[in-house]
Asker: 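Before I ask anything, here is the structure I am working with.
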Amino acid sequence: MRAQERVALVTGAARGIGRSIALRLARDGVHVAVNDVNAEKLEEVAEEIRALGRQSLAIAADVSVGREVYAMVDQVVREFGQLDILVANAGIAQVKQAVEITEEDWDRIFAVNARGVFLCDQAAAKQMIKQKSGKIINCASVAGHSGFSLLSHYSATKFAVIGFTQALAKELGPHGITVNAYCPGIVGTDMWELIDEKMGQYLGLPKGETIKKYTELITLGRVETPEDVACLVSYLASPDSDYMTGQSINICGGVLTS
């Protein structure tokens, strides 16, 4: 591997947005390590990356468990010698009325969406500080800018990610490391299919009608694709964004305009 070639780690990469991000970075010329808890699907993504002429490494790990996260980052550095880009993409959602959320629901969604980002960022930052460079890119959501009904605990985790991104950017800036977040809207993935189904049960709507209702809020008039999100992450991972840090950017087709 030539010194100027870059290495990325993308979590939650077995499908959906994470998969699209990993493949886009590979097309950009980046070697990509991919992570998920779904080991079987993950190796398929790694093979797709290798078919694009880039090196890849598939690492099954739970981002909510510190020892697994640190072991994962260590494995990437041993394999590639460096870590230039972290995309902390792994996340989960749950549709529930706030009055029905249990302590276990709350703890689980925060473990993955908030603690998982914190652990991945922390482990990557320690390596990047040694390198005096790096890009940390976190998955937030439009729900981290404006809370969504029936997704209150999910929204809370994304507000947390945005706050952590802003603070971490200030701490890591002197080390030559940027920290930003991308905030998708209504994306055509398995997660949104689940949200559509569960919200429909609460609202008395058949499957497909909830996402149709939300699509009417999109200025561009269509559901977002994982590739739309990957385009933004490609920019945040590139040298073109070297002067951008501490930002949480909506990529939502106009669902939110501020």
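None of these values were measured; they are calculated from a predicted model. Just the heavy atoms: all of them, side chains too, but no hydrogens, waters or symmetry mates, feed the values below.
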Asker: Is it the case that the side chain of Thr165 and the backbone of Gly246 share a donor-acceptor pair, with hydrogens and angles ignored and the cut-off at 3.5 Å?
Answerer: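 Flag not set: sc Thr165 to bb Gly246 has no pair under 3.5 Å.
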Asker: Evaluate the side-chain proximity of Leu83 to Ile85: yes if any heavy-atom separation is below 4.5 Å, no if none is.
Answerer: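 Ile85 vs Leu83: side chains apart.
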Asker: Would you find a donor on one side and an acceptor on the other, under 3.5 Å apart, between the side chain of Asn89 and the backbone of Val10?
Answerer: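 Looks like no, no N/O pair under 3.5 Å.
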Asker: Locate the shortest heavy-atom distance separating Ala33 from Val76; write the atom from each residue and the value.
Answerer: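 Nearest pair, atom of Ala33 first, then Val76: CB-CG2, 3.7 Å.
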Asker: Do Tyr235 and Met244 make a side-chain contact, defined as non-hydrogen atoms from C-beta onward lying under 4.5 Å apart?
Answerer: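 Yes, close enough: below the 4.5 Å cut-off.
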Asker: For side-chain contact (heavy atoms from CB on, under 4.5 Å), just list the numbers for Ser248 and His145, CA-CA rounded to whole Å, side-chain angles, deciding distance to a tenth of an Å, and then say yes or no.
Answerer: CA-CA 9 Å; Ser248 300; His145 288 280; 3.9 Å; yes
Asker: Closest heavy-atom contact between Gly188 and Pro226?
Answerer: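 For Gly188 and Pro226, the tightest heavy-atom pair comes out as O-CD, 4.3 Å.
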Asker: Same cluster or not: are Ile129 and Leu86 linked, directly or through other Ile, Leu, Val, Met, Phe, Trp or Tyr residues, by side-chain heavy atoms under 4.5 angstrom apart?
Answerer: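 Yes; Leu86 is reachable from Ile129 via cluster members.
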Asker: Would you say that Lys170 contacts Gln166 through its side chain, given a criterion of any heavy-atom pair below 4.5 Å between the two side chains?
Answerer: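 No, side chains not in contact.
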Asker: Check whether any side-chain N or O of Gln247 sits under 3.5 Å from a backbone N or O of Asn180 as a donor-acceptor pair, and report yes or no.
Answerer: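 It does not hold such a pair.
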Asker: Got a second to check how far Leu52's CG is from Glu47's CD, nearest 0.5 Å?
Answerer: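 Here the rounded value is 11.5 Å.
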Asker: Verify, without hydrogens or angle tests, whether Asn250 (side chain) and Cys252 (backbone) share a donor-acceptor contact under 3.5 angstrom.
Answerer: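 Absent.
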Asker: Mind running side-chain contact (heavy atoms from CB on, under 4.5 Å) on Arg15 and Lys41 for me, showing each step along the way?
Answerer: CA-CA 8 Å; Arg15 60 182 182 174; Lys41 290 290 184 183; over 6 Å; no
Asker: Could you see if Val69 belongs to whatever hydrophobic cluster contains Val37? Use Ile, Leu, Val, Met, Phe, Trp, Tyr and a side-chain cutoff under 4.5 Å.
Answerer: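 Different clusters: Val69 never reaches Val37 through Ile, Leu, Val, Met, Phe, Trp or Tyr contacts under 4.5 Å.
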Asker: Less than 4.5 Å apart, side chain to side chain, heavy atoms only: is that true for Gln55 and Arg50?
Answerer: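 No, every pair of side-chain atoms sits at 4.5 Å or beyond.
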Asker: How far does CG of Leu256 sit from CG of Leu217, to the nearest 0.5 angstrom?
Answerer: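 Between Leu256 CG and Leu217 CG, I get 9.5 Å after rounding to 0.5 Å.
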Asker: Are more than 12 heavy atoms, taken from residues, nucleotides or ligands other than Glu103, located less than 6.0 Å from that residue's CD atom?
Answerer: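 Check fails, neighbour count at 12 or below.
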Asker: Can you see which heavy atom on Leu25 is nearest to which on Ala8, and at what distance?
Answerer: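 Reported closest heavy-atom pair: CD1-CB, 3.9 Å.
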Asker: Taking the side chain from Ser56 and the backbone from Val32, do they hold a donor-acceptor pair closer than 3.5 Å?
Answerer: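 At least one qualifying donor-acceptor pair exists.
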Asker: Might you point out which heavy atoms bring Ala58 and Glu43 nearest each other, and give the distance in Å?
Answerer: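 Distance-wise, the nearest heavy atoms are CB-OE1, 3.5 Å.
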Asker: Distance from Arg19 atom CZ to Ile49 atom CD1, nearest 0.5 Å?
Answerer: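 Here the rounded value is 9.5 Å.
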Asker: I want to check something: taking the side chain as every heavy atom from C-beta on, are Tyr154 and Val95 in contact at a cut-off of under 4.5 Å?
Answerer: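 When only atoms from C-beta onward are counted, Val95 and Tyr154 do not touch, as no gap falls below 4.5 Å.
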Asker: Where do Phe159 and Ala143 come nearest, in terms of heavy atoms and distance?
Answerer: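 Closest approach of Phe159 to Ala143: CE1-O, 3.3 Å.
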Asker: Rounded at 0.5 Å granularity, tell me how far CD1 in Ile136 sits from CE in Met128.
Answerer: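 Spacing of CD1 (Ile136) from CE (Met128) equals 5.0 Å.
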Asker: Just wondering, do Val142 and Phe148 contact through their side chains at under 4.5 Å, heavy atoms?
Answerer: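 Side-chain contact under 4.5 Å: yes.
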Asker: Are Val87 and Ile251 connected in the hydrophobic side-chain network, where two residues link if heavy atoms are under 4.5 Å apart?
Answerer: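 Yes, it is one cluster - the side chains of Val87 and Ile251 are joined through contacts under 4.5 Å.
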Asker: Take Gln82 and Asp84 through the test side chain to side chain donor-acceptor pair (under 3.5 Å) and record every step on the way to the result.
Answerer: CA-CA 6 Å; Gln82 63 199 60; Asp84 306 293; 2.7 Å; yes
Asker: Measure from the side-chain N and O atoms of Asp105 to the backbone N and O of Thr102, and report whether any donor-acceptor pair falls under 3.5 Å.
Answerer: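 Yes, the answer is positive, given that a donor and an acceptor are paired below the 3.5 Å cut-off.
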Asker: Checking side-chain contact (heavy atoms from CB on, under 4.5 Å) for the pair Ile249/Tyr182: CA distance, chi angles, key distance, verdict?
Answerer: CA-CA 5 Å; Ile249 306 166; Tyr182 55 100; 5.7 Å; no
Asker: With a 4.5 Å cut-off on side-chain heavy-atom distances among I, L, V, M, F, W and Y, is there a chain of contacts connecting Val229 to Ile162?
Answerer: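 No, because Val229 and Ile162 fall into different hydrophobic clusters, even though each may have its own neighbours under 4.5 Å.
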Asker: Taking atom CD of Gln97 as the centre, does the number of heavy atoms from other residues, nucleotides or ligands within less than 6.0 Å exceed 12?
Answerer: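 Enclosed.
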Asker: For residues Asn35 and Ala61, report the shortest heavy-atom separation together with the two atoms involved.
Answerer: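 So the minimum-distance heavy-atom pair works out to ND2-O, 3.2 Å.
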Asker: To the nearest 0.5 Å, what is the distance between NZ on Lys126 and NE2 on His175?
Answerer: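 Lys126 atom NZ to His175 atom NE2 measures 12.5 Å (nearest 0.5 Å).
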Asker: Report yes if the side chains of Asp242 and Thr178 come closer than 4.5 Å at any heavy-atom pair, otherwise no.
Answerer: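 Sidechains of Thr178 and Asp242: no contact.
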Asker: As a quick check of understanding, evaluate side-chain contact (heavy atoms from CB on, under 4.5 Å) for Val187 and Ile17, giving each step before the final call.
Answerer: CA-CA 8 Å; Val187 189; Ile17 293 173; 4.0 Å; yes
Asker: Contact between Val30 and Val7 at the side-chain level, heavy atoms closer than 4.5 Å - yes or no?
Answerer: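 Not touching, per the 4.5 Å side-chain cut-off.
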Asker: Between Glu48 and Arg54, is the closest basic N to carboxylate O distance under 4.0 Å?
Answerer: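 Salt bridge between Arg54 and Glu48, a charged N being under 4.0 Å from a carboxylate O: no.
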Asker: Between Ser155 (side chain) and Gly147 (backbone), is there a donor-acceptor pair under 3.5 Å?
Answerer: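 Pair absent, no side-chain N/O of Ser155 close to backbone of Gly147.
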Asker: Are any of the side-chain nitrogens in Asp28 or Arg24 under 4.0 Å away from the carboxylate oxygens of its partner?
Answerer: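 Answer for the salt bridge query: yes.
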Asker: Passes side chain to side chain donor-acceptor pair (under 3.5 Å), Ser152 versus Lys96? Steps please.
Answerer: CA-CA 8 Å; Ser152 59; Lys96 258 192 176 183; over 6 Å; no
Asker: Return a table of donor-acceptor pairs under 3.5 angstrom between the side chains of residues 110-123 and protein atoms on other chains or two or more places apart.
Answerer:
from, atom 1, to, atom 2, distance (Å)
Asn113, OD1, Ile92, N, 2.8
Asn113, ND2, Ile92, O, 2.9
Asn113, ND2, Thr157, OG1, 3.3
Arg115, NE, Ser64, O, 3.1
Arg115, NH2, Ser64, O, 3.2
Asp121, OD2, Asn138, ND2, 2.9
Gln122, OE1, Tyr70, OH, 2.8

Asker: Less than 4.0 angstrom from a charged side-chain N to a carboxylate O is my criterion; do Asp228 and Arg222 meet it?
Answerer: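 Judged by the 4.0 Å cut-off on N to carboxylate O distance, Asp228 and Arg222 do form a salt bridge.
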Asker: Ignoring hydrogens and geometry beyond distance, is a side-chain donor-acceptor pair present between Gln131 and Gln127 at under 3.5 Å?
Answerer: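 Yes, side-chain donor-acceptor contact under 3.5 Å.
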Asker: Measuring from Thr245:OG1 to Lys135:NZ, what's the distance to the nearest 0.5 Å?
Answerer: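 The OG1 atom of Thr245 sits 8.5 Å away from the NZ atom of Lys135.
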